[in-house]
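What follows is a single structure, written as structure tokens, with notes after it.
This structure is a prediction, so every number in the text was calculated from the model and none was measured. Residue numbers start at 1 and run along the sequence shown.
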Amino acid sequence: MPYRPPVREHAFLLNDVLRIGDYADLPGFDEAGPEVVAQILEEAGRFTSEVLAPLNAVGDKEGCTWSPDHSVRTPTGFADAYRQLVEGGWPAIGADTAFGGQGLPHVINLSYSEMSSSANMAFAMYPGLTHGAYSAILNGGSDAQKALYLPKMASGEWCGTMNLTEPHCGTDLGLLRTRAVPQADGSYRISGTKIWISGGEHDMAENIVHLVLARVEGAPEGVRGISLFIVPKFIPDADGRPGLRNNVWCDGLEEKMGIHGSSTCVMRHEEAVGWLVGEENRGLALMFVMMNEARIGVGLQGIAQAEAALQAASDFARDRLQGRALTGPKNPDGPADPIIVHPDVRRQLMAGKALVEGGRAFLFWSALQGDLAHSHPDEAVRQKASDYAALMTPVVKAYLTDRGLKVCSDALQVHGGSGFTEHFPASQYMRDVRIALIYEGTNGVQALDLVGRKLPANGGRAMLTWLAELEAFSAGARGDAATDPFLDGLDGARAQLQDGVGWLMQNGLAHPDNAAAGSHDFLHLVGLTALAWMWARMALVAQGRIAAGDADPFWTTKLAVGRFFLARVLPEAGVHLARLKSGAETVMALPAEAF
């Protein structure tokens with residue numbers, strides 16, 4: 001069966017759990033009433049399922065094609081789909097109204113983005129990266145740069161990229177060699193090679209705006225000497241239209257495991273004309289605006305691919321006949337029962353639903369914090385939301401992609417041998433999602449960032465505030481036998497997380513390897529606690545509807561999946577805590593040459 005956008009799930013989270021209607025007096029939210037949200041979700045579902053999803057397998061099989069003239073052709077149908085994307089105004093949902101955008105909250109834009117990534121992850125990367133580049137220019141560009149580039153990028157007429165990685169350096173950007181030479185007219189000449197540049201060249205937009213990290217001559221060594229530059233494929237003329245071809249070229253495409261429809265390019269800058277964004281030697285801070293937005297988007301990809309894979313596995317399990325149910329035939333007129341009757345298949349499907357639905361709630365809540373940090377009039381609310389957004393960004397990126405891969409792997413397992421073939425979609429989902437654990441900073445780097453930077457920031461203010469909020473939430477929500485188990489689960493996870501925080505404070509500062517060795521498990525402990533909170537919130541809403549007499553099976557289904565989470569997923573928190581507290585001794589026991 002084709003991809004089915006989870007419109008009802010999105011509406012439930014936006015309206016019932018996050019209650020975005022409570023923020024109707026804030027900019028952007030005042031235009032996002034229930035009717036508007038319903039219309040956006042329905043139309044997003046139509047566009048992604050009817051236009052993007054049919055091209056997913058096409059993009060996987062055809063891939064992108066590089067030509068010796070340095071041009072790149074995207075898979076059949078991509079260019080027309082992109083034209084429809086722009087005409088439909090989808091890139092403009094979350095863009096500032098001052099530059100032609102619709103100015104809606106980021107959390108609503110995220111809802112559309114999840115559907116588009118589920119439908120066609122490779123295609124969705126093009127507008128996703130453009131919005132990140134748009135955000136970097138919005139935050140650090142001059143008024144002239146904003147006026148020239150942002151309207152075209154907000155509409156999607158022009159695409160954007162970020163050029164970071166070089167052949168000799170990835171995460172350690174302090175090693176980059178791309179150089180920038182200042183010119184008398186205020187521009188710079190950019191020279192160097194960048195690799196793994198998603199969307200670096202393609203045939204879908206009339207211009208591509210590259211944001212390039214480079215080092216100005218004489219700049220300090222390391223990350224303190226990095227600057228950010230706008231390097232357009234075509235230099236805009238006096239009327240703001242694509243003019244002269246710049247000296248930035250695609251020298252080839254990477255042969256990848258997945259996301260074949262996304263052009264991953266080797267980009268050569270040969271004294272290309274560029275313009276400084278912000279100040280010299282302050283480029284990394286601006287690039288992190290784009291990178292942090294991208295990290296939320298990568299976490300989204302984990303959920304999006306898991307959703308699509310879970311749908312495919314559920315469809316297969318209902319159709320595939322094999323064996324008989326242990327409790328007696330469920331398909332007595334057929335030669336065998338559908339495999340969905342078997343408990344082990346159900347276990348994998350239920351785990352997928354628990355992780356996808358809980359993970360999506362966590363993703364949307366995190367996006368809402370970004371909206372509140374940006375637009376709420378109360379400084380205390382802005383500070384708390386900003387603290388939460390910073391703390392949770394590495395968790396969203398790493399935990400949701402790690403769990404997304406697990407759901408995709410289980411979905412392939414449900415398919416059995418069929419999943420290992422290319423006749424079914426399970427293989428593509430698993431191949432496509434695998435990159436999400438690597439790019440925008442590997443999940444190990446995210447865990448180090450969480451433990452080394454985000455956790456101790458401001459004396460641990462964000463984590464301490466969050467733990468206190470969880471405790472207050474649980475205490476104030478008790479009194480219903482149907483939902484108290486969810487609060488018990490949350491309390492247990494919170495206590496284990498507090499234990500982990502205390503252990504890191506006692507054992508990580510004096511011996512940094514202890515913190516590093518336990519960072520992966522600590523991040524997962526935070527992620528599980530966040531999902532326990534989300535499931536408690538969802539359960540309270542569902543039980544409230546049931547108590548009010550609402551007989552919609554949506555609510556009983558939600559509670560059933562939540563109870564599975566409590567019984568089968570949340571206990572992993574104890575395992576992560578035990579691993580964390582085992583320290584670095586066994587991890588670092590062998591000398592490097594022993595491997």
Side-chain angles (χ1 to χ4, degrees), residues 1-3 48 52-66 72 74-78 81 113-126 128-129 165 170 195-200 202 252-265 294 297-316 348-349 351-352 355-356 359 397-443:
M1 293 178 66
Y3 165 66
T48 57
L52 301 186
L55 298 176
N56 196 35
V58 175
D60 185 51
K61 291 178 173 60
E62 288 189 13
C64 296
T65 305
W66 179 83
V72 172
T74 53
T76 301
F78 270 45
S113 296
E114 187 212 310
M115 294 186 199
S116 63
S117 188
S118 283
N120 194 326
M121 176 175 164
F123 178 92
M125 290 179 63
Y126 294 98
L129 286 163
T165 306
I195 63 172
W196 304 339
I197 308 306
S198 299
H202 55 81
L253 296 175
E254 305 289 355
E255 294 291 335
K256 307 189 297 293
M257 175 181 175
I259 56 169
H260 297 150
S262 174
S263 59
T264 307
C265 304
V298 173
L300 176 150
Q301 289 177 329
I303 290 297
Q305 293 305 287
E307 169 68 38
L310 182 61
Q311 288 187 18
S314 299
D315 293 342
F316 185 88
Q348 294 174 90
L349 296 178
L355 289 167
V356 168
K397 192 279 182 184
Y399 184 73
L400 296 186
T401 57
D402 191 279
R403 298 296 81 193
L405 175 65
K406 178 64 166 63
V407 174
C408 289
S409 178
D410 284 349
L412 191 150
Q413 188 74 13
V414 169
H415 280 78
S418 298
F420 202 67
T421 72
E422 298 301 324
H423 300 293
F424 291 83
S427 169
Q428 182 184 351
Y429 294 131
M430 191 164 179
R431 287 186 287 102
D432 285 355
V433 78
R434 189 60 186 80
I435 184 58
L437 285 73
I438 298 173
Y439 61 16
E440 307 310 332
T442 66
N443 285 0

Minimum-distance pair of heavy atoms, taken over all atoms of [X] and [Y]:
X	Y	result
G252	W66	N-NE1, 3.6 Å
V414	A313	CG1-O, 3.8 Å
Y126	G199	CE2-CA, 3.9 Å
C408	A309	SG-CB, 3.8 Å
G77	L55	O-CD1, 3.4 Å
Q428	A57	OE1-CA, 3.8 Å

Does a side-chain heavy-atom distance below 4.5 Å link [X] with [Y]?
X	Y	answer
I435	M257	no
M125	I259	yes
K397	N443	yes
T74	S263	no
H260	R431	yes
V433	T401	no
L52	M115	no
Y429	N56	yes

Spacing of [atom1] belonging to [X] relative to [atom2] belonging to [Y], to within rounding of 0.5 Å:
X	Y	atom1	atom2	result
H202	L253	NE2	CG	12.0 Å
T165	Y439	OG1	OH	12.5 Å
Q348	L412	CD	CG	10.5 Å
D432	M121	CG	CE	6.0 Å
W196	K256	CH2	NZ	12.5 Å
C64	E254	SG	CD	12.5 Å

Donor-acceptor pair, distance only, cut-off 3.5 Å: does the side chain of [X] make one with the backbone of [Y]?
X	Y	answer
T48	S116	no
E440	V298	no
S314	L310	yes

Which residues satisfy the ring-ring contact (aromatic ring centres under 6.0 Å, His included) test with F123, sequence neighbours excluded?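 With sequence neighbours excluded, F123 shows a ring-ring contact (aromatic ring centres under 6.0 Å, His included) to F78, given in chain and number order.
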
Can you name the residues that form a ring-ring contact (aromatic ring centres under 6.0 Å, His included) with F424, not counting sequence neighbours?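 For F424, the residues satisfying ring-ring contact (aromatic ring centres under 6.0 Å, His included) (neighbours in sequence not counted) are F316, H415.
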
Salt-bridge present (K406, D410; N to O < 4.0 Å):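 Between D410 and K406 there is a salt bridge, with a charged N closer than 4.0 Å to a carboxylate O.
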
Derivation and outcome, side-chain hydrogen bond (donor to acceptor under 3.5 Å, both in side chains), residues E422 and S427: CA-CA 6 Å; E422 298 301 324; S427 169; 2.8 Å; yes

More than 12 heavy atoms of other residues, nucleotides or ligands under 6.0 Å from CD of Q413: is that the case?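 Count not over threshold, so no.
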
According to side-chain contact (heavy atoms from CB on, under 4.5 Å), who are the partners of T65, at least two apart in sequence or on a separate chain? R73

Hey, are E307 and Q311 close enough side-chain-wise for a donor-acceptor pair under 3.5 Å?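 On atom types as modelled, these side chains qualify, holding a pair under 3.5 Å.
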
Applying side-chain contact (heavy atoms from CB on, under 4.5 Å) to S418 and H423, what does each step give before you reach the verdict? CA-CA 7 Å; S418 298; H423 300 293; over 6 Å; no

